[in-house]
Amino acid sequence: MLHLDTQHAQPFLAGGALDALQPRLKDAHTQVLQGTGAGSEFLGWRDLLLDPNDALLEDIEATAAEIRQKADVLVCIGIGGSYLGAKAVIDALTPYLQTPPTPAAETETPSADRTPEVLFAGHHMSGAYVRELLQYLEGKSVYLNVISKSGTTLEPALSFRFLRQWLEATFDDADDRIIITTDPTSGALNELRKAHPYKKYEIPRNVGGRFSVLTPVGLLPIAVAGVDIRSLFYGAVEQCKALEPAAENPALAYAGIRYLLHEQDYAVDTLAVFEPRLNSIGGWWQQLFGESEGKEGKGLFPASVQYSTDLHSLGQYVQDGQRFLLETFLLVADDGGDLRVPDSDENLDGLNYLSGKTMQEINRKAYEGTRKAHVEGGVPVMTVTLDAVAAAPLGAALYFFEHAVAVSGYLLEVNPFNQPGVEAYKKEMFSLLGKPS
Ligand code: PA5
């Protein structure tokens, strides 16, 4: 389902360095498997794959089916790990251009085959966005899924207040249209639920936000968008099992090479995709690696780029700017696009040399050419290839990166599961806002 190619990064490593790192890599891997490393109380993202809860998947599918039947729009309110995974998977696995369903109000017996629009809110504090969103929702059948593990994060809490008040003023059954996804007992959302019987999904305490895409945090919005969550989930389960042995383990190779380059003063890893539907994976990957590695003055800065688009902007820097970059390419072997370039009698655009080729073949050459150029320009490159843009390989990729980042954290000797740095801005902001202590 997933293949890692490291041959264009290995020449950048000091001779024998990867072999010499093997004992430390195995040790870091064992800490992940046996839960003996820092932050091991947050390894629930593995537990939920090792012991799948099919009843929960069924429950999520049933809730999603109801929302698909009754809603025109599902607004998911959350920030960071409480929205990036869902957005990444939905953008990857749903059509680029989707006609909104016939409004539920105009359909006598709406079927569960309808796919409501899934919108996101609460991941910034733009009042203009909230105002436009409320205007956009007028006249539509709306459901809200508010997702916050702590239940105290300001950005989603504020958006939820606006949207909840609008929903309550608009629908008699507002409480039935709100689903909360939060901690089992604590936080403001559980307080609210004492007064309102909202449907609730729990975020396991031992799963941190950026590792929560395969909990109800990600699975409910993803299911509402029409994605087969069982294939996604079990793709991750399969990958979790495949990565148990330390030998020939691509997650260890990926973590090890990144670590060695970090030791050689490389500072930035860019996740590059050649298929726009994978763009949002970059946002999820950035959070996963940024929050897990970036502490105590260590870690590669994770940036995401979208090619060919960014080859015509950031590509100049990647090729020719300061030499502190490595690149992770995320590709799909089969993008499902068999569109062939048509021939032209006049050939006025000079493109007949491409006649008959598929766009996929041409895009592949763009990747190969870019990789060659960047490697020659001094950029170590690793490539992760998924078999196809489908739920199971994507689930495998999610787990692959989660495992790799956990190993990476232990190599760097940091706790990969905390994010103390996220608190600093909140402290300053709350002080300026006069939040009561
Ligand atoms: O990775 C994390 O834990 C964080 O980035 C959180 O996902 C983010 O801060 C949102 O937190 P919460 O779900 O508590 O609102």
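Because the structure is a prediction, the values reported are computed rather than measured. For ligands, and for the atoms within them, numbers begin at 1 and follow the listed sequence.
Annotation for ligand 1: atoms under 4.0 Å from non-hydrogen atoms of K149 are 12 (P), 13 (O), 14 (O). For ligand 1, the atoms lying closer than 4.0 Å to a non-hydrogen atom of E291 are 1 (O), 2 (C), 4 (C), 5 (O). Every atom of ligand 1 is numbered from 1 in the order shown, and the set under 4.0 Å from a heavy atom of G209 is 1 (O), 2 (C), 3 (O), 7 (O). The T153 neighbourhood of ligand 1 comprises atoms 11 (O), 12 (P), 14 (O), 15 (O), with distances under 4.0 Å to a heavy atom of that residue. Interface atoms of ligand 1 facing Q419, defined by a heavy-atom separation under 4.0 Å, are 3 (O).
A side chain to side chain contact (heavy atoms under 4.5 Å, CB included) with Y201 is found for exactly one of T182, I180, L56, namely L56.
Remark: R230 fails to qualify as a cation-pi partner of Y234 under the 6.0 Å distance and 45° angle criteria applied to the six-membered ring.
Interatomic distance, E275 CD to L331 CG, rounded to the nearest 0.5 Å: 10.0 Å.
Contact between E155 and ligand 1 is absent, with no heavy atom of the residue lying under 4.0 Å from the ligand. Ligand 1 is approached by I79 to a heavy-atom distance shorter than 4.0 Å.
Atom 9 (O) of ligand 1 lies below 4.0 Å from none of the non-hydrogen atoms of the protein.
Aromatic ring centres of Y367 and Y307: separated by at least 6.0 Å.
Considering backbone and side-chain N/O of G81, one or more are found under 3.5 Å from N/O of ligand 1. Polar contact check, K426 against ligand 1: no nitrogen or oxygen pair lies under 3.5 Å apart.
Side chain of K140 to backbone of Y136: a donor-acceptor contact under 3.5 angstrom is found.
Crowding of K298 atom NZ: a count of heavy atoms from other residues, nucleotides or ligands under 6.0 Å exceeding 12.
Qualifying salt bridge (charged side-chain N to carboxylate O under 4.0 Å, His left out) partners for E293, counting only residues two or more places apart in sequence or in other chains: R258.
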Does F329 form a side-chain contact (heavy atoms from CB on, under 4.5 Å) with H8? I'd like the steps, not just the answer. CA-CA 11 Å; F329 284 98; H8 304 284; over 6 Å; no

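Atom 5 (O) of ligand 1 has its closest protein heavy atom at Q287 NE2, 2.7 Å.
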